[in-house]
**Student:** 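Submitted below is the structure of interest, expressed as structure tokens.
All chains are named by letter (A, B, ...) in the order of the sequence lines, taking the proteins before the strands, and each is independently numbered beginning at 1.
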Amino acid sequence: MTPLRILLVAAGGMLGTAARMTLGLLLPTGEWSVLIANVTGALLLGVLTARVNAAHLRLLLGTGLLGGFTTYSALAVGTVTLWHEEPLLAVAYAAGSVVLGLGAAVLGLWLGSPRKARA
Amino acid sequence: MSVLVFVLAAAAGGAGAAARYAVDIGIARLAGRRFPWGVFLINLTGSFLLGLVTATLPDAGFVIGTGFLGGYTTFSTAMIDAVALWRDGERPASFFSCAGMLILGILAAVAGLTLGAAL
């Protein structure tokens, strides 16, 4: 945990947070923007994990950028907010986020792996 | 949203990501890397705190909530970790890391919102 490593994570996290907020400004509801950020972020982190080995690049783009782009707290609080309006939609939103996120992570890891290793 | 609030929230997201990096390393030193306890506990505490901030600071909470706590918690790493556990044959741990985190994260958000409303 050197100062350079912390700086790389912070710089990536700042960009990822800015990208997540921009998505929030473009879409009508917060829940949709969080879902889209989380699923695309899981896909891209899969590609990065399978493809990039350089530690500093992984800290900047993985722990920082994609870690900051995706979020869990807004998923949890958004689910509770939806629950008060439409309980079924809240369950679909929470479970759907994780199911789609897992699928996106598997797809990203597959897309990022070298062609030979793909099974 | 003013440009100033956007920039402050992005910077707070960078600080949140750096805090996540430091806390994750600290928890891994205590609990090991067999199970991703770091991200697990980060997402639960972040969901609780976002509930608290949402209930107590509806408007002024943007920089702390969407910025700092959005960058502090993460979804993408949780998904990749769950897939990695599954592929290592740690299937109950993989299931708990997804379903347990989701259920406990939502309960943490409820606890934060409830406590915040009572303050």
**Student:** Could you grab the distance from atom CG of B:Asn43 to atom OG of A:Ser73, nearest 0.5 Å is fine?
**Tutor:** 7.5 Å

**Student:** Could you tell me which non-hydrogen atom of A:Ala76 sits nearest to which non-hydrogen atom of B:Gly105, and how far apart they are?
**Tutor:**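 For A:Ala76 versus B:Gly105, the nearest heavy atoms are CB-O, 3.5 Å.
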
**Student:** Decide if atom CZ of B:Arg34 counts as having more than 12 heavy atoms of other residues, nucleotides or ligands within a radius under 6.0 Å.
**Tutor:** no

**Student:** Are there residues of residues 59-72 of chain A whose heavy atoms fall under 4.5 Å of chain B's heavy atoms? If so, which?
**Tutor:** A:Leu59, A:Thr63, A:Gly64, A:Leu66, A:Gly67, A:Gly68, A:Thr70, A:Thr71, A:Tyr72

**Student:** Using heavy-atom distances under 4.5 Å, tell me whether B:Ala22 contacts chain A through its side chain, its backbone, both, or neither.
**Tutor:** both

**Student:** Using a 4.5 Å heavy-atom cutoff, which residues in residues 68-82 of chain B come close to chain A?
**Tutor:**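 Those residues of residues 68-82 of chain B which have a heavy atom under 4.5 Å from chain A are B:Leu69, B:Gly70, B:Gly71, B:Thr73, B:Thr74, B:Phe75, B:Ser76, B:Thr77, B:Met79, B:Ile80, B:Ala82.
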
**Student:** Check for a donor-acceptor pair, side chain of A:Arg20 on one end and backbone N or O of B:Thr66 on the other, with a separation under 3.5 Å.
**Tutor:** yes

**Student:** Go through the atoms of B:Phe62 and report whether side chain, backbone, both or neither lie under 4.5 Å from a heavy atom of chain A.
**Tutor:** side chain

**Student:** Sub-4.5 Å heavy-atom contacts with chain B: which residues of residues 24-34 of chain A show up?
**Tutor:** A:Leu25

**Student:** Quick check on A:Thr40 against chain B: is it the side chain, the backbone, both or neither that has a heavy atom closer than 4.5 Å?
**Tutor:**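 Neither part.
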
**Student:** Please determine whether residues A:Val106 and A:Leu35 belong to a single hydrophobic cluster, defined as Ile, Leu, Val, Met, Phe, Trp and Tyr linked transitively by side-chain heavy-atom distances below 4.5 Å.
**Tutor:** yes

**Student:** Among B:Ala9, B:Ala10, B:Gly46, which residue has the highest count of heavy-atom pairs closer than 4.5 Å to chain A?
**Tutor:**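 Top option by heavy-atom pairs under 4.5 Å: B:Ala10.
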
**Student:** Which heavy-atom pair separates A:Met21 from B:Phe6 by the least distance, and what is that distance?
**Tutor:** CE-O, 3.4 Å

**Student:** Honestly curious: do B:Leu115 and B:Ile64 fall in one hydrophobic cluster under the side-chain, below-4.5 Å linking rule?
**Tutor:**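 Per the 4.5 Å side-chain linkage, B:Leu115 and B:Ile64 are co-clustered.
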
**Student:** Under a single-linkage definition using a 4.5 Å side-chain heavy-atom cutoff for Ile, Leu, Val, Met, Phe, Trp and Tyr, are B:Leu52 and B:Leu57 assigned to the same hydrophobic cluster?
**Tutor:** yes

**Student:** Heavy-atom pairs under 4.5 Å with chain A - which of B:Val7, B:Ile106, B:Leu102, B:Val83 has more of them than the others?
**Tutor:**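 Most heavy-atom pairs within the cutoff with chain A belong to B:Leu102.
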
**Student:** Of all the residues in residues 92-105 of chain A, which have a heavy atom that comes within less than 4.5 Å of a heavy atom in chain B?
**Tutor:**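 The list, in residue order, reads A:Ala94, A:Ala95, A:Ser97, A:Val98, A:Gly101, A:Leu102, A:Ala105.
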
**Student:** Among the options A:Leu109, A:Leu75, A:Thr49, pick out the one with the most heavy-atom pairs lying under 4.5 Å from chain B.
**Tutor:**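 Option with the greatest count: A:Leu109.
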
**Student:** Applying the 4.5 Å side-chain criterion to the ILVMFWY set and letting contacts propagate, would A:Trp83 and B:Ile103 be lumped into a single cluster?
**Tutor:** no

**Student:** So for A:Val77, is it side chain, backbone, both, or neither that comes closer than 4.5 Å to the heavy atoms of chain B?
**Tutor:** both

**Student:** Is it possible for you to say whether A:Leu57 and A:Leu48 belong to one hydrophobic cluster, with membership spreading through side-chain heavy-atom contacts below 4.5 Å?
**Tutor:**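 Yes, it is one cluster - the side chains of A:Leu57 and A:Leu48 are joined through contacts under 4.5 Å.
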
